[in-house]
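Note that the structure is a prediction, hence the values are computed from the model and not measured.
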Amino acid sequence: MKKVMAQSNMKLQVLILLATTLTISCGQYGEEIAEVFVESGSVAVLPCQMSVPDVHSPAVQWKRESGGEMKTVWRRNRSGMEYRSVGTSVRAYCPQPNFSWGEFSLHLSGVTEKDGGMYHCVVEGMKKHTRKVMLRIVRVSFTPAEVVEGNSMTVSCNITPQPDRVKTTWEVRGSLRATSQSLTFQHVSQKESGSWSCLVNSDKASGKASASLQVKGILNPEDNSKVVYAEVGSSVTLPCVFSSGLFVSSVSWNKVFNAADLSTTFATSSKIFSGLYFESVVEENEGIYKCSGQVEGVRRRSEKMERYIHLVTAQILSSSISEQLSLSCELSNSSRVTHYEWLRLDYGENETQTLSTVQNSPSKVLKIPKGEERHRGGWVCRFYEHQTLLGNATYHQPMMSGLEGMNKSENNRKIITIIGLTLVALLVFLILLQMYKNHRRRKMIMQYPAMETIVHLASNERERIERSNRKEKECSVDLKSISV
Ligand SMILES: *[C@@H]1O[C@H](CO)[C@@H](O)[C@H](O)[C@H]1NC(C)=O
Ligand SMILES: *[C@@H]1O[C@H](CO)[C@@H](O)[C@H](O)[C@H]1NC(C)=O
Ligand SMILES: *[C@@H]1O[C@H](CO)[C@@H](O)[C@H](O)[C@H]1NC(C)=O
Ligand SMILES: *[C@@H]1O[C@H](CO)[C@@H](O)[C@H](O)[C@H]1NC(C)=O
Ligand SMILES: *[C@@H]1O[C@H](CO)[C@@H](O)[C@H](O)[C@H]1NC(C)=O
């Protein structure tokens with residue numbers, strides 16, 4: 001049975017007020033004021049505990065001091081009728097089932113700084129009992145509302161009403177920082193981004209309020225200490241990520257060769273907001289890079305924001321001294337590395353990779369045991385800064401040489417085949433040419449078959465005549481000699 005009767009309450013209130021003032025003055029002696037710190041926006045529970053009430057159904061009233069007046073927040077009369085004031089009607093509530101064991105606490109949801117102040121809990125049974133509770137609202141605020149990197153900012157722990165004596169402690173990103181109730185930064189950095197909690201402590205009570213701060217600027221890298229490790233041959237992106245709420249008109253990348261301004265512009269574009277990309281890192285890429293962006297409209301000004309990033313290259317170099325192969329994990333700058341972990345890389349079935357640690361020490365050199373030089377796989381070097389893995393590099397077993405050998409012999413075979421085929425072709429060609437020549441000659445001769453016979457006959461005839469002439473001569477000589 002609930003009923004809101006705000007207006008008609010007023011008269012009643014005044015009556016009760018008079019009564020209460022009386023009781024307070026009577027019960028002032030030894031009266032204690034409870035205190036609660038409640039974070040703005042949350043539910044406040046104002047305690048009011050009595051010994052078990054002396055009557056079955058006492059009248060209960062919660063009021064607050066407001067500008068020298070008392071205003072009823074919540075009220076119940078003896079017959080169980082509930083009344084609430086207009087302002088807090090929805091937010092105020094007293095769990096009545098708990099009344100039977102003397103618990104009359106008021107729950108106030110969605111508290112704001114306006115709710116802070118002194119509250120009175122009046123329970124009327126046979127006698128009148130009063131408890132006072134001071135509600136203090138705690139809120140963390142940042143000024144200005146939009147915090148931009150490099151600008152000034154104030155963080156405050158607001159307590160309403162402000163107590164005379166209170167201890168505040170700040171917890172930033174989970175670690176305790178400062179004890180002053182408000183802190184001012186002249187040049188805000190990304191270090192200040194994150195969750196800010198204000199812990200408040202008085203003699204009687206404690207409380208906490210939190211708020212998250214987003215410093216607009218370059219979110220990644222957060223500061224100039226970033227080192228990016230990249231294996232030679234791998235691809236890498238140097239990050240430079242601006243807050244989404246900023247209007248960045250241009251971003252440029254420079255490689256810095258000296259601490260001085262001896263830098264060369266690497267790339268300038270309004271498009272490269274996400275970072276500088278290297279498709280395949282080479283040793284010469286090592287160095288310090290600067291990302292700078294022109295940010296417009298920061299309090300009607302244009303501001304330059306920049307970050308330095310160190311790119312460190314990693315690679316494994318092999319050397320062999322008296323048939324002992326050793327690998328060295330070489331970094332272009334190893335100042336942060338505390339130790340190296342060497343792992344053996346094996347390829348199983350289905351090209352699954354298995355890694356097993358073989359050495360974990362501050363030494364960057366791994367001496368490969370005899371007989372292990374040619375296992376199918378490779379070696380991985382992981383480098384750490386204490387427990388943090390910084391990067392890795394992989395040495396692939398020169399199976400490649402075997403492959404190369406195979407390729408070579410295959411090539412050789414190809415060459416031999418080609419040469420063989422060429423020779424065969426040449427031979428066939430020569431044979432054909434010879435055949436053709438012969439054919440041609442025979443054809444030429446066949447054109448004049450009679451001539452050959454004639455020539456032949458003619459020579460035969462000449463021979464015959466010569467022979468007969470010689471015979472005649474001999475005869476004549478003989479005859480002459482006879483005649484002489
Ligand atoms: C409680 O309030 C109701 C409604 O106003 C009234 O009828 C009743 O008499 C009151 N009871 C007491 C004990 O005051
Ligand atoms: C009733 O009292 C108990 C013990 O104090 C408390 O845990 C519980 O939250 C109270 N009930 C409600 C509805 O608040
Ligand atoms: C290595 O890098 C650090 C910063 O990361 C720098 O202070 C140091 O001078 C560098 N060392 C060399 C040899 O370049
Ligand atoms: C390799 O793949 C086949 C089928 O894809 C599977 O049956 C077998 O278990 C795999 N072997 C290993 C060692 O993963
Ligand atoms: C080496 O580092 C790359 C990039 O961080 C990672 O993807 C890869 O899994 C690492 N390899 C090994 C063997 O740890």
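- Rounding to the nearest 0.5 Å gives a distance of 5.0 Å between OG1 of T168 and CD of Q181.
- W342 contributes atom CH2, which lies 11.0 Å from atom CG of N392 (distance to the nearest 0.5 angstrom).
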Please lay out, stage by stage, how E82 and W74 fare under the test side-chain contact (heavy atoms from CB on, under 4.5 Å). CA-CA 7 Å; E82 229 180 83; W74 190 91; 3.3 Å; yes
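- Distance check: H120 NE2 to R131 CZ gives 13.0 Å after rounding to the nearest 0.5 Å.
- For residues 215-237, the set of pairs meeting the salt bridge (Lys or Arg N to Asp or Glu O under 4.0 Å) definition, not counting sequence neighbours, comprises E146-K216, R173-E222.
- No hydrogens or angles considered: a donor-acceptor pair under 3.5 Å links the side chains of S249 and E296.
- At a threshold of 4.5 Å between non-hydrogen side-chain atoms, the residues F383 and S334 do not count as touching.
- Summarising the geometry, atom OG belonging to S326 is positioned 12.0 Å from atom CD1 belonging to I316; distances are rounded to the nearest 0.5 Å.
- For the 3.5 Å distance criterion, the side chains of R139 and T160 fail to qualify, holding no donor opposite an acceptor.
- Listed by first and then second residue, the salt bridge (Lys or Arg N to Asp or Glu O under 4.0 Å) pairs that reach into residues 356-367 are E330-K364, sequence neighbours excluded.
- Although no hydrogens or angles enter the test, the distance criterion places a donor-acceptor pair under 3.5 Å between the side chain of N224 and the main chain of Y308.
- Judged by distance alone, with hydrogens and angles left aside, the side-chain atoms of T237 form no donor-acceptor pair with the main-chain N or O of Y277 at under 3.5 Å.
- Remark: of the listed residues H439, R440, Q434, R440 is the sole one forming a side chain to side chain donor-acceptor pair (under 3.5 Å) with Y436.
- In this structure, the side chain of S156 does not engage the main chain of S182 through any donor-acceptor pair within 3.5 Å.
- Checking side-chain atoms of H339 against main-chain N and O of P362 turns up no donor-acceptor pair under 3.5 Å.
- Below 30°, between 30° and 60°, or above 60°: for Y289 and W253 the angle between ring planes is above 60°, a perpendicular geometry.
- Here the side chains of I288 and K290 are not in contact, with every heavy-atom distance at 4.5 Å or above.
- F104 contributes atom CZ, which lies 10.0 Å from atom CD of Q96 (distance to the nearest 0.5 angstrom).
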Under 3.5 Å, sequence neighbours excluded: what are the donor-acceptor pairs made by side chains of residues 192-206?
{"from": "E192", "atom 1": "OE1", "to": "S189", "atom 2": "N", "distance (Å)": "2.8"}
{"from": "E192", "atom 1": "OE1", "to": "S189", "atom 2": "OG", "distance (Å)": "3.2"}
{"from": "S193", "atom 1": "OG", "to": "Q190", "atom 2": "OE1", "distance (Å)": "3.1"}
{"from": "S193", "atom 1": "OG", "to": "V215", "atom 2": "N", "distance (Å)": "3.1"}
{"from": "W196", "atom 1": "NE1", "to": "E192", "atom 2": "O", "distance (Å)": "2.9"}
{"from": "S197", "atom 1": "OG", "to": "S210", "atom 2": "OG", "distance (Å)": "2.8"}
{"from": "S202", "atom 1": "OG", "to": "E35", "atom 2": "OE1", "distance (Å)": "2.7"}
{"from": "S202", "atom 1": "OG", "to": "K204", "atom 2": "N", "distance (Å)": "3.3"}
{"from": "S202", "atom 1": "OG", "to": "A205", "atom 2": "N", "distance (Å)": "3.1"}
{"from": "S202", "atom 1": "OG", "to": "A205", "atom 2": "O", "distance (Å)": "3.3"}
{"from": "K204", "atom 1": "NZ", "to": "I33", "atom 2": "O", "distance (Å)": "3.0"}

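- Using a 4.5 Å heavy-atom cutoff, the side chains of F242 and V295 are in contact.
- Going from atom CG of L276 over to atom OG of S252 covers 10.5 Å, rounded to the nearest 0.5 Å.
- Of the possible polar contacts, none joining the R344 side chain to the W379 backbone as a donor-acceptor pair under 3.5 Å is found.
- Annotation: E286, atom CD; neighbour count of heavy atoms from other residues, nucleotides and ligands within 6.0 Å is above 12.
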Any chance you could lay out the side-chain contact (heavy atoms from CB on, under 4.5 Å) test for V166 and R136, step after step, and finish with the verdict? CA-CA 11 Å; V166 70; R136 300 192 195 274; over 6 Å; no
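- Within a 6.0 Å sphere centred on CD of E279, other residues, nucleotides and ligands contribute 12 heavy atoms or fewer.
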